[in-house]
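The structure under discussion appears below in the form of structure tokens.
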Amino acid sequence: MAESSKNEYGIEIRNLSKIFGSRAEELVHLVEGGITKTELNDQHGHILGLRNINISMPAGGIQVIMGLSGSGKSTLIRHINRLVDPTAGQILVGGEDVVKMSQNELREFRRHKTAMVFQKFGLLPHRNVLENTVYGLEVQGLPRERQVEAAMHWLERVGLKGFETKYPNQLSGGMQQRVGLARALTNDAPILLMDEAFSALDPLIRVDMQTILLDLQKEIRKTIVFITHDLDEALRLGDQIAILRDGEVVQQGTGQEIVMAPADDYILDFVRHVNRARVIRVETIMEKSVADGVALSVPEGTLLEDAARQLIDSGQSEMTVVDCNNRAVGKIDLKRITRSMVSGG
Ligand SMILES: Nc1ncnc2c1ncn2[C@@H]1O[C@H](COP(=O)(O)OP(=O)(O)O)[C@@H](O)[C@H]1O
Ligand SMILES: [Mg+2]
């Protein structure tokens, strides 16, 4: 239950294209040749879902997929457990090609290797919280005591102890999604697929859910694919972020890379609205030389806002950035911080 074994389920998406329509295979060469989504629709009556996607999602990390509505996010995540069949390309999960699985293998794979958390929670209304949470293990045919033991453990971890006998309609949206998360974790699968799982929640509740997920992830180390159209959420959760537009990846990298160097105007439109002081970290902007005799130091990972406050409070002109072994790796001053808080700086 409290699994500590190493997660080996990285996900490799290779040259993945998806066209919706009856003659998809015939048209795939056009898509690979660069026909636009509009042209494909106007000239051939087919819908471009995804074009030549390559993403390497690390085992035990959080991969965020971001993009506006209709950009292909759901289509992409649904390929991972093959709710959608690709027109071309490969989806390797833990080294195994999902497309080559037989119906039986696929059923086992979905049941044991993946768990999903849905935007609309997807709880069964006539089942209470506990019965919703054990659902996956019930399907797996585990003994009842094991189902209940696992479910109670995860319900407590998501803060729902004491709510076991409530029904979904007695719970707020945030509480219902905690059940959704507990149910997914109770499945004990290495891969967690979360399609806009927090998008329906009120902003404060949403941030709470992000905190719960991040806290749990330190221990559970699932391979999480998390879809959102919210950049703040993406930056907070994502070890890596891939941004889609019209079925294509327009930029991928860490949140820091994307905020510091947005690839085009589409991405700039997302990035423009973030509070840079609360997103950019000291190591991203530091000068990579170390000076002697600097009194003040901050660890890597410190946000600019916190670093600035410490500098101002201390009356010092600069500070050293140290790594996890307390070794100096660079330095920053207020001017550098201020410059990078101005977009494009
Ligand atoms: N089953 C389907 N049949 C036809 N077109 C589809 C189907 N599913 C998705 N699409 C189209 O594929 C594109 C991407 O959709 P989707 O993956 O749902 O986007 P997102 O999740 O980013 O909002 C859209 O143009 C959508 O209309
Ligand atoms: Mg979607």
Side-chain angles (χ1 to χ4, degrees), residues 11 13-28 30-32 34-55 57 62-91 98-99 106 114-122 173 177 180-181 184 191-201 206 209-210 224-235 237-238 240-252 258 263-267 269-271:
I11 301 170
I13 310 284
R14 294 194 188 149
N15 307 317
L16 174 65
S17 289
K18 174 66 183 178
I19 303 166
F20 292 102
S22 55
R23 293 180 297 111
E25 277 81 18
E26 291 168 41
L27 300 170
V28 75
L30 296 177
V31 164
E32 287 169 355
I35 190 172
T36 67
K37 181 167 175 160
T38 312
E39 286 165 354
L40 188 73
N41 193 19
D42 293 351
Q43 296 166 21
H44 302 278
H46 277 54
I47 294 169
L48 178 58
L50 297 170
R51 187 205 313 269
N52 200 21
I53 305 287
N54 287 281
I55 305 176
M57 309 183 179
I62 303 181
Q63 170 75 54
V64 167
I65 309 290
M66 215 182 98
L68 297 178
S69 178
S71 59
K73 305 182 297 295
S74 294
T75 303
L76 177 56
I77 203 171
R78 289 162 65 84
H79 274 89
I80 294 170
N81 55 359
R82 229 182 105 199
L83 295 173
V84 174
D85 284 318
T87 309
Q90 288 180 306
I91 302 108
V98 176
V99 181
L106 191 58
T114 69
M116 299 185 81
V117 185
F118 306 94
Q119 178 172 8
K120 303 237 163 83
F121 321 135
Q177 195 55 303
L181 187 57
I191 298 163
L192 210 51
L193 303 175
M194 305 180 71
D195 189 350
E196 308 238 19
F198 300 159
S199 299
L201 304 174
R206 187 170 180 167
M209 291 302 291
Q210 294 164 4
I224 300 178
V225 184
F226 191 101
I227 289 183
T228 181
H229 52 253
D230 182 72
L231 183 62
D232 289 316
E233 184 164 78
L235 292 169
L237 296 181
Q240 289 187 183
I241 301 172
I243 303 180
L244 294 182
R245 176 173 60 184
D246 292 343
E248 288 179 65
V249 172
V250 275
Q251 187 169 12
Q252 56 179 322
I258 289 167
D264 65 11
D265 287 347
Y266 176 76
I267 295 176
D269 272 342
F270 286 107
V271 168

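Each residue takes its place number in the sequence, starting with 1. Whatever order the structure lists them in is the order used to number ligands and atoms, beginning at 1.
For ligand 1, one of its N or O atoms has an N or O atom of Gly70 under 3.5 Å away.
The side-chain contact (heavy atoms from CB on, under 4.5 Å) test with Val225 is passed by exactly one of Leu76, Ile62, Ile11, Ile55: Ile11.
Within the 3.5 Å criterion, the main-chain N or O of Ile19 finds a donor-acceptor partner in the side chain of Thr87. Side chain of Asn15 to main chain of Asn52: no donor-acceptor pair is present (N/O by atom type, distance under 3.5 Å, no hydrogens or angles). Of the possible polar contacts, one joining the Arg51 side chain to the Val31 backbone as a donor-acceptor pair under 3.5 Å is found.
Proximity of Gly67 to ligand 1 is not established, as no heavy-atom distance is less than 4.0 Å.
Ranking the protein heavy atoms by distance from atom 12 (O) of ligand 1 puts Phe20 CE1, 3.5 Å first. Among all protein heavy atoms, the one lying closest to atom 27 (O) of ligand 1 is Ile47 CG2, 4.7 Å. The shortest contact between atom 19 (O) of ligand 1 and any protein heavy atom is with Gly72 N, 3.2 Å. What sits closest to atom 18 (O) of ligand 1 on the protein, heavy atoms only, is Ser74 CB, 3.9 Å.
Side chains of Leu30 and Glu39 form no contact here, defined as non-hydrogen atoms less than 4.5 Å apart. Side-chain contact between Ile80 and Met57 is present, with at least one heavy-atom pair separated by less than 4.5 Å. Under the 4.5 Å side-chain criterion, counting only non-hydrogen atoms from C-beta, Ile53 is in contact with Leu244. Counting heavy atoms from C-beta on, the side chains of Val117 and Met209 never come closer than 4.5 Å. Contact annotation: the side chain of Thr38 never approaches that of Asn41 to less than 4.5 Å [non-hydrogen atoms, C-beta and beyond].
Residue Lys37 approaches ligand 1 through these ligand atoms, each under 4.0 Å from one of its heavy atoms: 13 (C), 24 (C), 25 (O).
Less than 2.8 Å away from the Mg ion (ligand 2), the protein contributes these N/O/S atoms: Ser74 OG.
Residue contacts with ligand 1, taken as heavy atom pairs separated by less than 4.0 Å, involve Thr75 via backbone and side-chain atoms alike. Only the backbone of Leu68 comes within 4.0 Å of ligand 1, counting heavy atoms alone; no side-chain atom from C-beta on gets that close.
At least one protein heavy atom sits closer than 4.0 Å to atom 14 (C) of ligand 1. Distances from atom 10 (N) of ligand 1 to the protein include at least one heavy-atom value under 4.0 Å.
Other residues, nucleotides and ligands contribute more than 12 heavy atoms inside 6.0 Å of the CG atom of Asp42.
With rounding to the nearest 0.5 angstrom, the CG atom of Asp230 is 12.0 Å from the CZ atom of Phe198.
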